[in-house]
Amino acid sequence: MADRIMSWLDPLPGDRVADIGSGTGLFLSRLLEAASDGTPILCVDPSQHMLDLLPADPRLSPVRATAEQIAAGEVAMPYEKVDAFVFKEAIHHVKDIPATLSGLAGRLAPGGRILVVTLPRRLEYPLFPAALDRFAANQPEPGLIAAAMAAAGLETEHRSEEYAVTIDREQWIDLVRNRWMSVLSTFSAGEIDEGIETIRLLHPEHEITYTDRFAFIQGVRR
């Protein structure tokens with residue numbers, strides 16, 4: 001994923017990049033190649049706990065804020081204009097996507113871009129049905145994100161990419177038990193246990209194989 005984000009953005013040395021919803025900076029390894037002490041990647045996240053877990057690297061600069069606060073200018077950034085905003089599976093946390101993307105588009109330098117990497121509403125993950133339904137109910141359609149970028153005056157490209165994933169069933173169940181997806185945190189411990197039993201029934205095999213699909217949506221300011 002770090003490679004694919006790097007390929008889509010194709011940053012130049014000195015580009016001013018802001019990763020929205022960066023968390024612990026898991027997908028920033030390749031982007032660091034174009035960063036420097038003078039133009040660090042801005043790691044934007046509302047959780048101070050997550051920002052505290054960022055690697056100690058002068059090429060990373062934490063900014064505690066939401067996407068909405070950055071878009072509205074409520075939280076100051078070190079850069080007046082940005083060359084790239086990145087959302088990796090964070091856009092679903094934004095309450096008003098069109099308004100937020102429009103605000104961010106206004107903070108782009110000429111040639112700047114917004115890249116959103118997001119999951120489709122309907123997953124093929126080996127989860128229990130209630131989790132899949134709850135995820136779909138709260139996940140924005142990639143096409144609507146692309147339309148919001150276009151409405152913000154950005155030249156938009158939208159493409160899906162897919163990857164085959166094979167994982168040991170017990171490892172997968174451990175991930176579910178530890179609520180590795182945010183939607184799983186909305187279920188009680190008892191509901192998770194029931195869901196795991198459903199997964200065991202639906203997937204008696206020792207290894208589970210499924211298709212992981214991501215929508216890559218990029219808007220460029222011309």
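All values below were derived from every heavy atom in this structure, side-chain atoms included, with hydrogens, water molecules and symmetry-related copies excluded.
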Quiz item: So Y125 and F135, ring pair (Phe, Tyr, Trp, His ring centres under 6.0 Å) or not? Walk me through it.
Solution: CA-CA 11 Å; Y125 289 6; F135 179 88; 7.5 Å; no
Quiz item: Looking at side-chain heavy atoms only, is the closest gap between Q218 and L9 below 4.5 Å?
Solution: yes
Self-check item: Full working for side chain to side chain contact (heavy atoms under 4.5 Å, CB included) between F214 and R159
Solution: CA-CA 9 Å; F214 290 92; R159 192 165 70 240; over 6 Å; no
Self-check item: 4.5 Å side-chain heavy-atom contact, I114 and F87
Solution: yes
Self-check item: Under 3.5 Å: donor-acceptor pair, side chain of K81, backbone of G106
Solution: yes
Practice problem: Verify salt bridge (Lys or Arg N to Asp or Glu O under 4.0 Å) between R200 and E170, making sure each step is shown before the conclusion. | Solution: CA-CA 9 Å; R200 291 188 189 278; E170 295 309 309; 2.9 Å; yes
Self-check item: Side-chain donor or acceptor of R179 paired with backbone N/O of I192 under 3.5 Å
Solution: no
Exercise. Please assess C43 against T24 for the test side chain to side chain contact (heavy atoms under 4.5 Å, CB included), listing each intermediate value before the final yes or no.
Key: CA-CA 9 Å; C43 301; T24 60; over 6 Å; no
Quiz prompt | For F27 against A2, the heavy-atom pair lying closest together | solution = O-CB, 4.0 Å
Quiz item: Are any side-chain N or O atoms of S185 and backbone N or O atoms of M181, one a donor and one an acceptor, separated by less than 3.5 Å?
Solution: no
Exercise. For the residue pair V86 and V17, establish whether any side-chain heavy-atom pair is separated by less than 4.5 Å.
Key: yes
Quiz prompt | Transitive ILVMFWY side-chain link F128 to V183, under 4.5 Å | solution = yes
Quiz item: Side-chain heavy atoms under 4.5 angstrom apart, residues restricted to Ile, Leu, Val, Met, Phe, Trp, Tyr: same cluster for L115 and V220?
Solution: no
Quiz item: Short question: side chain of R16, backbone of Y79 - any donor-acceptor pair under 3.5 Å?
Solution: no
Quiz item: Do P62 and Q48 come close enough that some side-chain heavy atom pair is under 4.5 Å?
Solution: no
Practice problem: State whether the side chain of W8 and the backbone N or O of F216 hold a donor-acceptor pair below 3.5 Å, judged by distance alone. | Solution: no
Self-check item: Trace of the salt bridge (Lys or Arg N to Asp or Glu O under 4.0 Å) decision for R113 with D15
Solution: CA-CA 11 Å; R113 54 265 189 223; D15 270 3; 3.2 Å; yes
Quiz item: If you group Ile, Leu, Val, Met, Phe, Trp and Tyr by side-chain heavy-atom gaps below 4.5 Å, do I199 and L175 land in one group?
Solution: yes
Quiz item: Could you walk me through whether R169 and D174 pass the salt bridge (Lys or Arg N to Asp or Glu O under 4.0 Å) check?
Solution: CA-CA 9 Å; R169 187 185 71 163; D174 283 343; over 6 Å; no
Self-check item: Hydrophobic cluster membership, M50 vs M77, 4.5 Å side-chain cutoff
Solution: no
Quiz item: Do D19 and V44 touch side chain to side chain, with heavy atoms closer than 4.5 Å?
Solution: no
Quiz item: Could you give the distance from CG (L108) to CG (L154), rounded to the nearest 0.5 Å?
Solution: 6.5 Å
Self-check item: Contacts of A146 that satisfy side chain to side chain contact (heavy atoms under 4.5 Å, CB included) - sequence neighbours left out
Solution: T156, H158, I217
Exercise. Please collect all salt bridge (charged side-chain N to carboxylate O under 4.0 Å, His left out) contacts where either partner lies in residues 143-156, sequence neighbours excluded, each pair once.
Key: E155-R222
Quiz item: Roughly how far, to the nearest 0.5 Å, is OG of S22 from CG of L51?
Solution: 5.5 Å
Practice problem: Following the transitive rule for hydrophobic clusters with a side-chain heavy-atom cut-off under 4.5 Å over Ile, Leu, Val, Met, Phe, Trp and Tyr, establish whether I145 and I20 coincide in one cluster. | Solution: yes
Self-check item: Minimum-distance pair of heavy atoms, taken over all atoms of D83 and G14
Solution: OD2-O, 4.3 Å
Exercise. Grab the two heavy atoms, one from V75 and one from R107, that are nearest each other, plus how far apart they are.
Key: O-NH1, 4.2 Å
Quiz item: Does any N or O in the side chain of D45 come within less than 3.5 Å of the main-chain N or O of S47, such that one atom is a donor and the other an acceptor?
Solution: yes
Exercise. Working to the nearest 0.5 Å, report the span between OG1 of T198 and CD of E191.
Key: 11.5 Å
Self-check item: Side-chain (E197) to main-chain (E194) donor-acceptor, under 3.5 angstrom
Solution: no
Quiz item: Between R122 and L132, is a side chain to side chain contact (heavy atoms under 4.5 Å, CB included) present by the stated rule, with each step listed?
Solution: CA-CA 7 Å; R122 275 294 165 188; L132 294 171; 4.2 Å; yes
Quiz item: Where the side chain of T100 meets the backbone of I97, is there a donor-acceptor pair that is under 3.5 Å apart?
Solution: no
Practice problem: Determine the minimum heavy-atom distance between G25 and L54, stating which atoms define it. | Solution: N-CD2, 3.6 Å
Quiz prompt | Close side-chain approach of I91 to V117, heavy-atom, < 4.5 Å | solution = no
Self-check item: Within 45° cone and under 6.0 Å: R4 NZ/CZ vs Y163 ring
Solution: no
Practice problem: Any chance you could lay out the side chain to side chain contact (heavy atoms under 4.5 Å, CB included) test for E161 and R213, step after step, and finish with the verdict? | Solution: CA-CA 6 Å; E161 300 187 9; R213 289 188 175 86; over 6 Å; no
Quiz prompt | 4.5 Å side-chain heavy-atom contact, R134 and T186 | solution = yes
Quiz item: So does E80 have more than 12 non-hydrogen atoms from other groups sitting under 6.0 Å from CD?
Solution: no
Quiz item: Do you know the tightest heavy-atom contact between L104 and A67?
Solution: CD2-O, 4.4 Å
Quiz item: Hey, does the side chain of R121 reach the backbone of Q139 with a donor-acceptor pair shorter than 3.5 angstrom?
Solution: yes
Quiz item: Judged by atom type as modelled, is there a donor-acceptor pair below 3.5 Å linking the side chain of T66 to the main-chain atoms of Q69?
Solution: yes
Quiz item: At what distance, to the nearest 0.5 angstrom, does CZ of F85 lie from CD1 of I70?
Solution: 7.0 Å
Quiz item: Considering all heavy atoms of both residues, which atom of G219 and which atom of M149 are nearest to each other, and what is their separation?
Solution: N-SD, 3.3 Å
Quiz item: Roughly how far, to the nearest 0.5 Å, is NZ of K88 from CG of L26?
Solution: 8.0 Å
Quiz item: At what distance, to the nearest 0.5 angstrom, does NE2 of H92 lie from OG of S182?
Solution: 4.0 Å
Quiz item: Side chains of E89 and T118: closer than 4.5 Å at any heavy-atom pair?
Solution: no
